[in-house]
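Bear in mind the structure is a predicted one, so any value in this text is a computation, not a measurement. Naming convention: chains lettered A, B, ... in sequence-line order (proteins, then strands); numbering from 1 in each chain.
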2 protein chains.
Amino acid sequence: MESPIQQRVTEIRKFNRFYTNIIGLVNQNVLESPYSLAEARVLLEIDAAAACTASNLAEILQIDPGYLSRILRRFKKDGLIETTKSMTDGRSQILSITEKGRATFRQLSDASASQLIQLLEQLPQGAQQTLVQNMAAIQNMLSGQADTSITIRRHRPGDVGYIAYRHGVLYEKEYELDHRFEKYVLQSLIAYLEDPSRGEIWVAECCGAIVGFIGIVGISEKTAQLRWFLIEPDFRGVGLGRKLVSTVMEYCQQKYYNHVFLWTFKGLDAARHLYQSFGFTLTEEKENDTWNNQLIEQRWDVMLGVD
Amino acid sequence: MESPIQQRVTEIRKFNRFYTNIIGLVNQNVLESPYSLAEARVLLEIDAAAACTASNLAEILQIDPGYLSRILRRFKKDGLIETTKSMTDGRSQILSITEKGRATFRQLSDASASQLIQLLEQLPQGAQQTLVQNMAAIQNMLSGQADTSITIRRHRPGDVGYIAYRHGVLYEKEYELDHRFEKYVLQSLIAYLEDPSRGEIWVAECCGAIVGFIGIVGISEKTAQLRWFLIEPDFRGVGLGRKLVSTVMEYCQQKYYNHVFLWTFKGLDAARHLYQSFGFTLTEEKENDTWNNQLIEQRWDVMLGVD
DNA sequence: TAATATTAATTGACTAAGTCAACTATTTTA
DNA sequence: TAAAATAGTTGACTTAGTCAATTAATATTA
């Protein structure tokens, strides 16, 4: 019995071992060249930076200054780099790559590129793109620069289809509901699109992916129905449900709806607590075997602005 | 002007540089321990394998046998492992980890796990899951074990929503069509779900992701309409369109439809060629500014079984 | 079955990679 | 202006890793 986080650590380690090999493969050409990996990194860095000093490099590459000094001496002897005394600081010297150095670098670079191209060419175009996107996503997340907060926005073209899609997939997986349920959801969404003025749909996003949604539709002048409330399994239990329901409730108050109801299934305890905390009470239960399973539907109602 | 594949190589390199640092970070605790990375890998491997010999290890870890021999000697001296002569081969000796060795290993392991946990804990639960999934996907693709072929299957719950979703997103991006188009697509899909017996929808998948789809619906006894034909941008130009249209055409022949038509937009040259190659001819053009843009709709028709 | 080839593991001799502390020449700071 | 800090270099060293030779056991084959 491993905790989810331990499982993830195990997975990441597996990936690390695997990817260490991939990096090794790509670096192989460097190992075959007369330069060490550290040397290649130094050359790469000098090439990338327009002008840098030895101490810059030592800091960037986390390398011993003495060691670096010897590497640079060799590069200079081989004619790969040139050094010029800094105008502003007599102790420093500016490093720059020569034509020969650039050629050498390009050779190393091309060799490793061809390794990568070989790897890529095993994959169809689209999968290549997916691969690169996955890498970018990982980098984004691990670099800590990514905005990993969950944002809620109003719906955009495509979202309505997406909502139907996730309802179809998740309710099939979790409750074995079939095409009939999917159709029912689609119909309700179309009804909303027919007259969107009396309702709204919100989508919760995290890192560019949709992780939950909720909607409201006016049924009469004072009554609205809460619909399409769903949170992706990985994002349950982090307070997103409360945020979404709050969004809906605020909207209802703005629009002067004083009565909100919703239909749900019996047995969803987390949802029940959430509804109760917003003042909903159970008002009706009925069996429904339209959708393949003996689920019991529940209706919950709340009156607003009565406190 | 870089080719797409070069762009991807650049991206992968960027990721490699980045991930080298991540791996370095995770391995840091090993570097702080009295063991080298190679030694840690050896200990890890001995721990993982129930019983192994030195030559096993040398092969698995791609390590010099002489070097390995010395590492093992040190481990033995430190009481981390034990060796017993093999029953079946007097030259070999079976390596096994001692309690002390296991404790040492666990210490190294826990330290690197805590590094990873720190990394993970910056992210919300769901993003953690996404991270791990991305890693698994990369591993799957690069290990060459993944099935990267494109498969076509009939639709399942959720797919219909997904089709609406992708239509909404892609037609908005590519033609600036708005909610009205999304609604139109949804309505057509519902009409199909109302009576699925006279048509079918197929979905093309690659690596678990939907990369294209197509559908057909019976309009009269002998006439069917081809609909919802869309291929993800990354998967265009690889012959998938032809495969999907073929699937539809075969279905029509089976169902004795002898007349197929479709509506498309003017200017999609790749699609035009495809339709022509299946015998479709342009039969009608009309302007349509229902959906925000001055697109010209085209109708294409083909008679089957007349050759 | 004896001769030969192969394999597992070890050892000696070596090179490459990397670290550490001491040093010189500057520059910055108190 | 003296003391502290910084850039870069050098010598002496340790660690990591390679390569070829060696020993002992096993497998192969004439």
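- Atom CD of B/Gln133 is surrounded by more than 12 heavy atoms from other residues, nucleotides or ligands within 6.0 Å.
- Remark: B/Thr53 is not in phosphate contact with C/dA8, judged by side-chain N or O atoms under 4.0 Å from OP1 or OP2.
- Residues B/Leu25 and B/Asn21 fail the side-chain proximity criterion, which asks for heavy atoms closer than 4.5 Å.
- Across the protein-nucleic acid pair, A/Ile63 atom CD1 and C/dC20 atom P stand 14 Å apart, rounded to whole Å.
- Dense packing is recorded around CD of B/Gln7, with more than 12 heavy atoms of other residues, nucleotides or ligands lying under 6.0 Å away.
- Spacing between atom CG of B/Leu61 and atom P of D/dA16 amounts to 16 Å, rounded to whole angstrom units.
- Taking atom CG of B/Asp64 as the reference point, atom C1' of C/dG12 lies 13 Å away to the nearest angstrom.
- Closest contact between the side chain of A/Tyr67 and the listed nucleotides C/dT19, D/dT9, C/dA9 involves C/dT19.
- Counting only residues at least two apart or in different chains, ring-ring contact (aromatic ring centres under 6.0 Å, His included) contacts with residues 49-89 of chain B comprise B/Tyr35-B/Phe75.
- Annotation: the span from B/Met135 atom CE to A/Lys14 atom NZ amounts to 12.0 Å, rounded to 0.5 Å.
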Would you check, one step at a time, whether the test side chain to side chain contact (heavy atoms under 4.5 Å, CB included) holds for A/Leu131 with A/Leu120?
CA-CA 9 Å; A/Leu131 179 76; A/Leu120 276 173; 3.8 Å; yes

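- Remark: A/Asp89, A/Gly90, A/Arg91 in residues 72-96 of chain A come within less than 4.0 Å of DNA chain C through at least one heavy atom.
- Between the base of D/dG11 and the side chain of A/Arg70 there is a donor-acceptor pair shorter than 3.5 Å.
- Judged by closest nucleotide on DNA chain C, B/Asn56 is the one of A/Ala38 and B/Asn56 placed further toward the 5' end.
- What separates CG of B/Leu57 from C1' of C/dT10 is a distance of 15 Å, to the nearest Å.
- Among the atoms of the strands shown, none is found under 4.0 Å from any heavy atom of A/Ala58.
- Protein atom CG of B/Leu68 is 14 Å distant from nucleotide atom C1' of D/dT18, rounded to whole Å.
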